[in-house]
Every structure is written in structure tokens, then in C-alpha cells.
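Please read these numbers as outputs of a predicted model, since none were measured by experiment.
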Amino acid sequence: MLGLKLLTDPRWADIAESNLEEILTDHCWCEQKAATNAITLITYNSEHEDLVTAMTEIAIEEMQHFQMVHNIIKERGYTLGRERKDDYVGQLYKFSKKDGSRNECFIDKLLFAAMIEARSCERFRTLSQNIKDEELAKFYHELMVSEANHYTTFLKFAKKYTEKVDVDKRWKEWLEFEGELIQSYGNKEHIHG
């Protein structure tokens, strides 16, 4: 469904589960960044009323996820650590086009967001199927469904609002790049690490 070139090794869930405080902190900040990204898309593309509505819903949902993860952190006696740098997202950002027309950059920002949501969805699936903590397994299954909806929303808008970009072709380029990139990750207790 997601088209990802490389699935996460299920053993990554063991790495994540070995330090739940770290994976939950990293996850919490990922949700905040996703909300911020949706707000940024609104800020720069407010002429698209349906996009504004959808991004508002995503931003709210992402902050609700932030709150849910933060509540789990507190309930378990953990502390929300400082924001983590996400090298994976940084590499994706470098791949995104920034020097084309306004529309080309807009479409690539949507594909950038879709890519992050697709990988997050896949990672949540891996966690839901492989961690022993039943409460978190159920939680990550529920979030997996939400991330899949976000992924398809971003792709839908890229296809709707493109002027000259062949979205299917560009999405394949994103998938190829990400397939190479993700080979360097999967050994840390981070959502994308």
C-alpha cells in the first residue's frame, strides 16, 4: 500500500522497546513537528480552502497524538526529554526541491510530508506487531491507521494542485531516494532512527 522500497527489520522493535522513554520522547516530538508542518502548509498556501481545512484537521490530530504520547510518558513515570534532531527527516528535506516554481516547491513539500507519514505508518506497524508491551502495541496500531490517512491526504493534494509536476513520477523518485536512505537507519530507539 505505501510503496516503500524497504520495510523495517522487525528487530528494530526490540531496540525501541529496550528504551521506551527514549522512543516515546522521540515520538512525541515527531508529532509536534508534523503539526508544525501542517500549519506551515496552511501559511504558505492559504488560497486553497480545502487544503486549509484538511491541514487544520491534521495539525489538531497531530497535537492530540502529542498529548496522548506525553500522557503515556507521564503515566509511566518518564520525563519528556528535549527535542531530538531527526537526521532522517533532514536528509529527506535536502532531497526536496527548493529552486523550482512556487507550485513545484509546494508539490514537493506535500510529497515530503507524505514520505514522512508513510515511513511513520510503517514504523508504527512494526511496533504494533513486534513489541511485547500490549498497551503500546494497541496504541501504535491505532496511530498506524491515522498516519496512513495523512499519507494519502498529502498525496491527494499533490495530485490535485500540480500544475506541471508529474506527481506519480516524482513520487517514484521520492520512494527510490527513501529506499536508499532508510538502509542507514533502523538501529536507534527513534521513530525514524
Side-chain angles (χ1 to χ4, degrees), residues 1-10 12 26-27 29-48 50-55 57-59 61-62 65 84-127 140 143-188 190-193:
M1 174 189 89
L2 299 170
L4 298 172
K5 299 295 180 187
L6 182 66
L7 298 180
T8 300
D9 185 324
W12 169 76
D26 183 68
H27 177 193
W29 289 115
C30 287
E31 299 292 354
Q32 177 271 321
K33 291 171 196 168
T36 299
N37 186 58
I39 292 166
T40 301
L41 283 165
I42 292 169
T43 303
Y44 290 104
N45 305 284
S46 57
E47 68 275 17
H48 302 302
D50 57 345
L51 178 105
V52 171
T53 300
M55 292 303 111
E57 291 168 0
I58 286 176
E61 189 173 341
E62 298 289 17
H65 293 169
R84 303 322 196 231
K85 182 178 179 206
D86 193 326
D87 293 324
Y88 166 83
V89 171
Q91 293 300 315
L92 290 179
Y93 181 76
K94 287 179 186 175
F95 181 72
S96 64
K97 295 187 181 211
K98 298 164 211 62
D99 58 355
S101 70
R102 182 175 186 273
N103 182 258
E104 288 169 324
C105 292
F106 171 42
I107 299 308
D108 237 42
K109 284 180 176 134
L110 290 167
L111 296 179
F112 165 78
M115 188 79 262
I116 295 168
E117 297 288 342
R119 181 54 68 186
S120 297
C121 177
E122 190 270 341
R123 286 287 171 99
F124 292 165
R125 180 178 182 269
T126 300
L127 286 172
Y140 279 111
L143 288 188
M144 172 190 71
V145 174
S146 175
E147 299 300 309
N149 288 334
H150 296 172
Y151 150 78
T152 57
T153 298
F154 288 117
L155 278 181
K156 176 188 81 172
F157 281 120
K159 290 177 180 180
K160 178 175 183 178
Y161 286 115
T162 187
E163 293 172 0
K164 294 180 181 175
V165 177
D166 180 336
V167 172
D168 290 331
K169 180 181 178 210
R170 182 62 179 147
W171 181 240
K172 285 180 184 169
E173 292 170 1
W174 272 99
L175 289 169
E176 290 297 328
F177 176 79
E178 199 273 350
E180 291 293 319
L181 175 65
I182 200 66
Q183 291 180 40
S184 301
Y185 294 88
N187 53 13
K188 291 183 183 173
H190 296 162
I191 294 299
H192 304 121

Nearest 0.5 angstrom please: [X] [atom1] to [Y] [atom2], how far?
| X | Y | atom1 | atom2 | value |
| --- | --- | --- | --- | --- |
| Cys30 | Asn37 | SG | CG | 12.0 Å |
| Phe157 | Leu41 | CZ | CG | 10.0 Å |
| Met55 | Glu62 | CE | CD | 10.0 Å |
| Asp99 | Asp108 | CG | CG | 10.0 Å |
| Lys33 | Asp86 | NZ | CG | 5.0 Å |
| Thr162 | Lys164 | OG1 | NZ | 10.5 Å |

Next on the checklist: Main chain of Asp168, side chain of Lys159: is a donor-acceptor contact present, judged purely on distance under 3.5 Å?
Outcome noted: no
Item to check | Any donor-acceptor pair under 3.5 Å from Glu178 side chain to Leu4 backbone | outcome: no
So, for [X] and [Y], which heavy atoms are closest and what is the spacing to 0.1 Å?
| X | Y | answer |
| --- | --- | --- |
| Gly186 | Trp12 | O-CD1, 3.5 Å |
| Ile107 | Tyr161 | CD1-C, 3.8 Å |
| Ala54 | Thr153 | CB-CG2, 4.3 Å |
| Tyr88 | Met115 | OH-O, 4.2 Å |
| Ala158 | Val167 | O-CG2, 3.4 Å |
| Leu175 | Gly3 | CD2-O, 3.4 Å |

Next on the checklist: Checking Glu117 against Thr152 for the side-chain contact (heavy atoms from CB on, under 4.5 Å) test, could you report, in this order, the C-alpha distance in whole Å, the side-chain angles of both residues, the deciding distance, and whether it holds?
Outcome noted: CA-CA 9 Å; Glu117 297 288 342; Thr152 57; over 6 Å; no
Salt bridge between [X] and [Y], side-chain N to carboxylate O under 4.0 Å?
| X | Y | result |
| --- | --- | --- |
| Asp87 | Lys85 | yes |
| Lys188 | Asp26 | no |
| Glu122 | Arg125 | no |
| Lys5 | Glu176 | yes |

Item to check | With Leu111, the side chain to side chain contact (heavy atoms under 4.5 Å, CB included) member among Lys97, Glu173, Arg170 | outcome: Arg170
Next on the checklist: Hydrogens and angles aside, do Thr36 and Gln32 bring a side-chain donor and acceptor to less than 3.5 Å of each other?
Outcome noted: yes
Next on the checklist: Set out, in order, the CA-CA distance, both residues' side-chain angles and the distance that settles side-chain contact (heavy atoms from CB on, under 4.5 Å) for Gln183 and Leu6, then state yes or no.
Outcome noted: CA-CA 8 Å; Gln183 291 180 40; Leu6 182 66; 3.6 Å; yes
Next on the checklist: Which label fits Phe177 and Trp174: parallel for a plane angle under 30°, tilted from 30 to 60°, or perpendicular past 60°?
Outcome noted: perpendicular
[X] vs [Y] side-chain heavy atoms within contact, under 4.5 Å:
| X | Y | value |
| --- | --- | --- |
| Ile182 | Gln91 | no |
| Leu110 | Leu51 | yes |
| His48 | Asp50 | yes |

Checklist entry - For Lys94, does the NZ atom sit with more than 12 other heavy atoms under 6.0 Å from it, leaving out its own atoms? => result no
Checklist outcome for this item: Tested for ring pair (Phe, Tyr, Trp, His ring centres under 6.0 Å) against Phe124, the lone hit among His192, His27, His65, His150 is His27
Next on the checklist: For Arg123 and Tyr140: C-alpha separation, side-chain torsions, deciding distance, then whether side-chain contact (heavy atoms from CB on, under 4.5 Å) applies.
Outcome noted: CA-CA 9 Å; Arg123 286 287 171 99; Tyr140 279 111; over 6 Å; no
